[in-house]
Colleague: 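Mind having a look at this structure? Questions to follow.
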Amino acid sequence: MSFYSYQYLVEHNNEPNFLFIIGVLILATAIFITSYLYFKNRSDNKYRDLLIIFGLGIFLFIGINYNNYEQQLDINNKTNQTLGLMQSVAKDKKVSKNKLYSNSSSLTEGMLIKAGKDIYRVSFDNNLSSYTLSKANIISSQKIQLIKNRWHNGITIR
């Protein structure tokens, strides 16, 4: 069973989509270069054709990835809700946010929060505006993996 630290969720939530950014930058650079070459050699139609192809390519690339962008925004919103819950638990239980772990990056009924040495099961009302914590115990045969940040594989405890 994996538990993600507060810091891990913050880092993961702020992570931009580098592949999308690199793709757009490459296509934009290609457009600028072919635009320069086209305006320098107006009689050569191959640069005009390349400019049109790269222009359509960037629109197609952005259009295809827009759905991924919307999904990432939804994931970020859910993670922000979980971070808000963890802040509230830290305040209520008087525990540092650095000692909080969650087994889910989105609010789900029955999710577990590890605050210090204690583990709590979270129950929500119908519209996720309030929660109840009840102490939970993990079956001894299950290993708990604490994932502190995205560069660290985690610590396994029993």
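The figures here come from the full heavy-atom set of this structure, side chains too, leaving out hydrogens, waters and symmetry mates. In this chain, residues are counted from 1 in sequence order.
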Colleague: Stepwise, does the side-chain contact (heavy atoms from CB on, under 4.5 Å) test hold for R121 with E109?
Modeller: CA-CA 9 Å; R121 182 181 183 280; E109 182 66 31; 3.9 Å; yes
Colleague: Could you tell me whether the side chain of N103 and the main chain of F3 form a donor-acceptor pair under 3.5 Å?
Modeller: no
Colleague: For the residue pair V89 and V95, establish whether any side-chain heavy-atom pair is separated by less than 4.5 Å.
Modeller: no
Colleague: Give the minimum heavy-atom separation between T79 and L9, together with the two atoms involved.
Modeller: CG2-O, 3.8 Å
Colleague: Using the rule that Ile, Leu, Val, Met, Phe, Trp and Tyr join whenever any side-chain heavy atoms are under 4.5 Å apart, tell me whether V24 and L51 fall into a single cluster.
Modeller: yes
Colleague: Between L133 and K93, is any pair of side-chain heavy atoms under 4.5 Å apart?
Modeller: yes
Colleague: Yes or no on salt bridge (charged side-chain N to carboxylate O under 4.0 Å, His left out) for D74 and K78, after CA distance, side-chain angles and deciding distance?
Modeller: CA-CA 6 Å; D74 186 46; K78 289 178 180 179; 3.6 Å; yes
Colleague: Walk me through it: do Q81 and S106 pass the test side-chain contact (heavy atoms from CB on, under 4.5 Å)?
Modeller: CA-CA 7 Å; Q81 290 175 336; S106 62; over 6 Å; no
Colleague: Taking atom CE of M86 and atom OH of Y4, what is their separation to the nearest 0.5 Å?
Modeller: 12.0 Å
Colleague: Per the ring pair (Phe, Tyr, Trp, His ring centres under 6.0 Å) rule, what does the pair list look like for residues 60-85, sequence neighbours excluded?
Modeller: F20-F61
Colleague: CG of N126 to OG of S129: how many Å apart, nearest 0.5 Å?
Modeller: 9.0 Å
Colleague: Distance check, rounded to the nearest 0.5 Å: L56 atom CG versus L27 atom CG?
Modeller: 11.0 Å
Colleague: With distance as the sole criterion, is a donor-acceptor pair present between the side chains of N68 and N65 under 3.5 Å?
Modeller: yes
Colleague: Mind running side-chain contact (heavy atoms from CB on, under 4.5 Å) on M111 and F124 for me, showing each step along the way?
Modeller: CA-CA 10 Å; M111 69 185 286; F124 296 100; 4.1 Å; yes
Colleague: Are any side-chain N or O atoms of T34 and backbone N or O atoms of A30, one a donor and one an acceptor, separated by less than 3.5 Å?
Modeller: yes
Colleague: Taking all non-hydrogen atoms of both residues, which atom of Y131 and which atom of D92 are closest, and how far apart?
Modeller: OH-OD2, 2.8 Å
Colleague: Does the side chain of N80 reach to within under 4.5 Å of the side chain of L83, using non-hydrogen atoms?
Modeller: yes
Colleague: Give, for atom CG of L107 and atom CG of N77, the distance between the pair rounded to the nearest 0.5 Å.
Modeller: 11.5 Å
Colleague: Evaluate the side-chain proximity of I144 to I119: yes if any heavy-atom separation is below 4.5 Å, no if none is.
Modeller: yes
Colleague: Measure the spacing between NZ of K97 and OH of Y6 and express it to the nearest 0.5 Å.
Modeller: 4.0 Å
Colleague: Does any non-hydrogen side-chain atom of L100 lie less than 4.5 Å from one of K114?
Modeller: no
Colleague: Considering non-hydrogen atoms only, spot the tightest contact between L128 and D125 and give its length.
Modeller: N-OD1, 3.0 Å
Colleague: Enumerate the ring pair (Phe, Tyr, Trp, His ring centres under 6.0 Å) contacts for residues 34-57, please, sequence neighbours excluded, ordered by first and then second residue.
Modeller: none
Colleague: Keeping the roles fixed (side chain from Q7, backbone from K148), state whether a donor-acceptor pair exists under 3.5 Å.
Modeller: no
Colleague: What verdict does the side-chain contact (heavy atoms from CB on, under 4.5 Å) test give for M1 and L112, after you've listed the backbone C-alpha separation in whole Å, the side-chain angles of each residue and the deciding distance to 0.1 Å?
Modeller: CA-CA 10 Å; M1 178 178 296; L112 299 174; 3.8 Å; yes
Colleague: Using the side chain to side chain contact (heavy atoms under 4.5 Å, CB included) definition, which of the options T108, V122, T82 pairs with S102?
Modeller: T82
Colleague: If you measure from CG on D44 to CZ on R42, what distance do you get to the nearest 0.5 Å?
Modeller: 13.0 Å
Colleague: Given the rule that I, L, V, M, F, W and Y join up when any side-chain heavy atoms are under 4.5 Å apart, are Y101 and I138 in one cluster?
Modeller: yes
